[in-house]
Amino acid sequence: MALDTGKIRNVAFVGHGGVGKTSLVEGILFSCGATTRLGRVDDGTTTTDFDPDEIKRKISLNTAVAFCDYQGYRLNLIDTPGYGDFVADARAGLRVAGAAVVVVDAVAGVQVQTEKVWKYANEYNLPRAIVVNRLDRERADFFRTLESLQKRLKGRLVPLQLPIGSESGFSGVVDLIAMRALVWADGKMKEAEIPADLAESAKSYREKVTEAAAETDDDLLAKYLEEGSIGEAEMLEALRRAITSGGVVPVLCASATRGIGIAPLLDLIVKEFPSPVEHGAVEGADARTKAPTQRAPESKAPLSAIVFKTISDPHVGKLSVFRVYSGTLRADSQVYNASRETRERVGHLGWLSGKTQKPVEALGPGEIGVVAKLKDTVTGDTLCDESQAIVLPGIVFPEPAISFAIQPKTRGDEDKISTALHRMAEEDPTLHHHYDPETKQLLVSGIGQLHVEVVVERMKRKYNVEVSLLPPRIPYKETVKGRSEVQGKYKKQTGGRGQYGDTWLRVEPLVRGGGFEFVDDIFGGAIPRNFIPSVEKGVRDCMKRGILAGYPVVDLKVTLYDGSYHDVDSSDMAFQIAASMGLQKGFMEAKPCLLEPVMNVEITAPAEGAGDVIGDVNGRRGRIVGMEPDGDVVSVRAQVPMAEMLTYESTLRSMTGGRGGYSMEFSHYEEVPSQLAEKVVAAHRAEKEKSH
Ligand SMILES: Nc1nc2c(ncn2[C@@H]2O[C@H](COP(=O)(O)OP(=O)(O)OP(=O)(O)O)[C@@H](O)[C@H]2O)c(=O)[nH]1
Ligand SMILES: [Mg+2]
């Protein structure tokens, strides 16, 4: 028997790194009796941080699922990573969730990744609640955090609780709905009167809740304005509708590790968050006609499900974690993968809690489950009934931002490496790899340095192959600053027929981003028309290979203005070679230079560390573009060459005691200062000599 769809809640826990998402999920599992011991991130004993790399680093690297039952409801808790390199996996969790719990730290407030996950949640139109966590920490401040939330996150944010006590004295919350205090002592929650010193502010915050509820409904608002109040039942009904639709975002208080705030969060999840039934039909495309179509969340409807996570284990094999949207998936059956157009055999099915599976016979709408050994299915694929095939929208993952060349530590391990990378890429859609025939290097690309380092460790632990990382290749480009006019001539006499091509080329720079322009300025048939494309091809091929240091040439104008030919010996090949020789010479005579990618970087750091951060950015040839203090933290915007940002992650971490964060994206190309350019050129020469 599948579960009652109306009593399922799929909730994703999202937020900046280290704010307590995993601890909160752990607290919920324990308080619902799904676990018998309260695990701790610092001891490596939580349900959802089960991967050895997560345990070692004490951070979440993957989206993980756990379930528990609370008052007859099934809660699927989706714990997502918050650190920059891994936060993209939160998208996978949000994709299948019916609502999000956005966790923020009561000391740091809104941070870089908070804003990112907020945007992700917007993309999926998810109702959400905010939990201000770690209120027991030194310098924690609920009201300052609330202010930072209201300033930086778009939405109608309404506190439903106020904290009782502060920092280590944080002991409970005022429930602004019931207007009662909830106090925790020795791990148990007790109801109590609102403490006298909070009575006034409780009243005024309660008023704000009523206002927010009234504002969601014109009739209710009119009544509220006229009579100055609305009935409790009406108010609650309006509030629930507003929360379910995302119009109001409730803000709650918690200390995950002390268990404070967990019971009211559970109540909110089952009472105010929508069930998959309320979420309504899912939209997709008919697999044959591509026309938009829908599937209702009913167990008798045709099956549709989406795989949002793939776990690959060398021993167990591949596990696909999916959410059912419509119909029922049964063990020992066959499904159709509409995204790959293949059939898959389904063996055992299970509910998933961390790494543990609990076998089930069937999974209905809204349920989250796991199946082993699907052969072709990858993350984002739709599984469905073949007779009524549908493709649901997939999951968009960001492109990698950084590449490293990797080398086996033991000769002959190349095959093992590529198998390992292939398996790991199945689990991790942000990990790319490819072989670069030009440099004869295997390149591994990821979101950031930490990401790639974790990949290397995993390769060793899971696939028993050791590699070393070579300095990441920066995608430099080459161009010129000056002009030149040169002859490119190729003449060869071999036995019978010879080779002859002769070109005169003018080489000039274009504006940055100008690409390439080829001008044919031949008059009077100095070169026959049919060889002009050969000249252009010779120039283009040479630009692709690079001249100065093996990087592609850009922003260049090449004019072919003269030349000569031979009736018998001239050929397509001869003109290609002549043009290539000409360009190499002309390029070197036109003040060649290297261009490097410059990144837009946004850094947040504790205010007292701002000076260090700025000094460090300057030391990295960076330019500060803006700086905004925001309470205790400051956000710094800067432009910094990519080459200087490769080791930034660890520096920032040690500079800010782990409290800083940053994100970056490509901005534009700029000339590399000549001293540094010389080093790049020398490195290229050395590499070339080695490979010859
Ligand atoms: N004092 C205090 N510490 C907490 C609380 N919640 C979590 N922590 C600690 O904060 C650290 C990070 O907690 P996690 O639960 O791993 O945070 P997370 O949001 O899951 O982190 P990532 O998954 O890596 O983004 C751990 O050392 C926790 O013990 C809290 O309420 N109070
Ligand atoms: Mg975590």
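In this text the structure is predicted, and so the values were computed from the model without any measurement. Start at 1 and go down the list; that is how both ligands and their atoms are numbered. Because only heavy atoms are used, hydrogens play no part in the values below, and waters and symmetry mates are left out as well, while side chains stay in.
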- Task: Decide whether the shortest distance between a heavy atom of Arg137 and an atom of ligand 1 is less than 4.0 Å.
- Result: yes
- Query: Using a heavy-atom cut-off of under 4.0 Å, does the side chain or the backbone of Asp42 touch ligand 1, or both, or neither?
  - Reply: side chain
- Query: Got an N/O contact under 3.5 Å between Ala256 and ligand 1?
  - Reply: yes
- In terms of atom number and element, which parts of ligand 1 are under 4.0 angstrom from non-hydrogen atoms of Ser255? 30 (C), 31 (O), 32 (N)
- With heavy atoms and a 4.0 Å threshold, my read on which part of Val19 contacts ligand 1 is both
- Task: Would you indicate whether the side-chain heavy atoms of Lys58 and Asp42 approach each other to under 4.5 Å?
- Result: yes
- atom 10 (O) of ligand 1 - nearest protein heavy atom and its distance: Arg134 NH1, 2.7 Å
- Query: Does any N/O atom on Leu135 come nearer than 3.5 Å to any N/O atom on ligand 1?
  - Reply: no
- Message: For Val41, which part has a heavy atom under 4.0 Å from ligand 1: side chain, backbone, both, or neither?
- Response: side chain
- salt bridge (Lys or Arg N to Asp or Glu O under 4.0 Å) with Asp51: of Arg461, Lys462, Arg57, only one passes, and it is Arg461
- Query: Backbone N or O of Glu457 within a donor-acceptor pair of the Asp53 side chain at under 3.5 Å?
  - Reply: no
- Query: With no hydrogens and no angle check, is any side-chain donor or acceptor of Arg9 less than 3.5 Å from a backbone partner on Val270?
  - Reply: yes
- Task: Decide side-chain contact (heavy atoms from CB on, under 4.5 Å) for Glu427 and Lys309; before the verdict, give the C-alpha distance in whole Å, the side-chain angles of both, and the deciding distance to 0.1 Å.
- Result: CA-CA 7 Å; Glu427 294 184 274; Lys309 189 76 209 160; 5.8 Å; no
- Message: Taking distance alone, with N or O pairs closer than 3.5 Å, would you say Pro81 contacts ligand 1?
- Response: no
- Message: Only heavy atoms of Thr22, strictly under 4.0 Å: list the atoms of ligand 1 that pass.
- Response: 15 (O), 18 (P), 20 (O), 23 (O)
- Step-by-step side chain to side chain donor-acceptor pair (under 3.5 Å) determination, Thr430 to Asp428: CA-CA 5 Å; Thr430 60; Asp428 178 356; 2.6 Å; yes
- Query: Between Phe143 and Tyr205, how do the two ring planes meet: parallel, tilted or perpendicular, split at 30° and 60°?
  - Reply: tilted
- Item | Gly18 neighbourhood, listing ligand 1 atoms whose heavy-atom distance to it stays under 4.0 Å | 12 (C), 17 (O), 18 (P), 19 (O), 21 (O), 22 (P), 24 (O), 25 (O)
- Note on the structure: of all protein heavy atoms, closest to atom 24 (O) of ligand 1 is Ser60 N, 3.0 Å
- Task: Any atoms of ligand 1 less than 4.0 Å from a non-hydrogen atom of Thr257? List them with their elements.
- Result: 2 (C), 3 (N), 4 (C), 5 (C), 6 (N), 7 (C), 8 (N), 29 (O), 30 (C), 31 (O), 32 (N)
- Message: What I want to check is whether the side chains of Glu26 and Thr47 have a donor and an acceptor closer together than 3.5 Å.
- Response: yes
- Just need the protein heavy atom nearest to atom 17 (O) of ligand 1, so name the residue and atom and give the distance. Gly20 N, 2.9 Å
- Query: Of all the non-hydrogen atoms in the protein, which one sits nearest to atom 28 (C) of ligand 1, and at what distance?
  - Reply: Ser23 OG, 3.8 Å
- Has Thr22 got an N, O or S atom lying less than 2.8 Å from the Mg ion (ligand 2)? yes
- Task: Tell me whether the guanidinium CZ or amine NZ of Lys21 lies under 6.0 angstrom from the six-membered ring centre of Phe13 and within 45° of its axis.
- Result: no
- Task: May I ask whether Gly15 places a heavy atom under 4.0 Å from ligand 1?
- Result: no
- Message: For ligand 1, which is the ligand I care about here, please tell me if Lys58 has any N or O atom under 3.5 Å from one of the ligand's N or O atoms.
- Response: no
- Note on the structure: re atom 6 (N) of ligand 1, the protein heavy-atom contact at minimum distance is Asn133 ND2, 3.2 Å
- Message: Tell me the closest heavy-atom pair linking Met655 and Asp616, and the distance in Å.
- Response: SD-CB, 3.9 Å
- Note on the structure: If we number the atoms of ligand 1 from 1 as shown, the ones under 4.0 Å from a heavy atom of Gly17 are 25 (O)
- Query: Has ligand 1 got any nitrogen or oxygen that is less than 3.5 angstrom from a nitrogen or oxygen of Asp49?
  - Reply: no
- Task: Output yes when a side-chain donor or acceptor of Ser60 lies under 3.5 Å from a complementary backbone atom of Pro81, and no otherwise.
- Result: no
- Query: Are Ser168 and Asp136 close enough, and set up right, to give a side chain to side chain donor-acceptor pair (under 3.5 Å), and what steps lead you there?
  - Reply: CA-CA 5 Å; Ser168 63; Asp136 58 313; over 6 Å; no
- Is the distance from the Mg ion (ligand 2) to the nearest N/O/S atom of Ser60 under 2.8 Å? yes
- Query: Short N/O distance, under 3.5 Å, between Asp79 and ligand 1?
  - Reply: no
- Message: Regarding ligand 1, does Ile59 bring an N or O atom to under 3.5 Å of one of the ligand's N or O atoms?
- Response: no
- Phe308-Phe322 aromatic ring centre distance below 6.0 Å: no
- Evaluate the ring planes of Tyr648 and Tyr662, with Trp represented by its six-membered ring, and classify them as parallel (under 30°), tilted (30 to 60°) or perpendicular (over 60°). perpendicular
- Message: Among Val103, Val87, Thr114, which residue satisfies the side-chain contact (heavy atoms from CB on, under 4.5 Å) criterion with His16?
- Response: Thr114
- Task: For atom 32 (N) of ligand 1, find the nearest protein heavy atom and state the residue, atom name and distance (0.1 Å precision).
- Result: Asp136 OD1, 2.7 Å
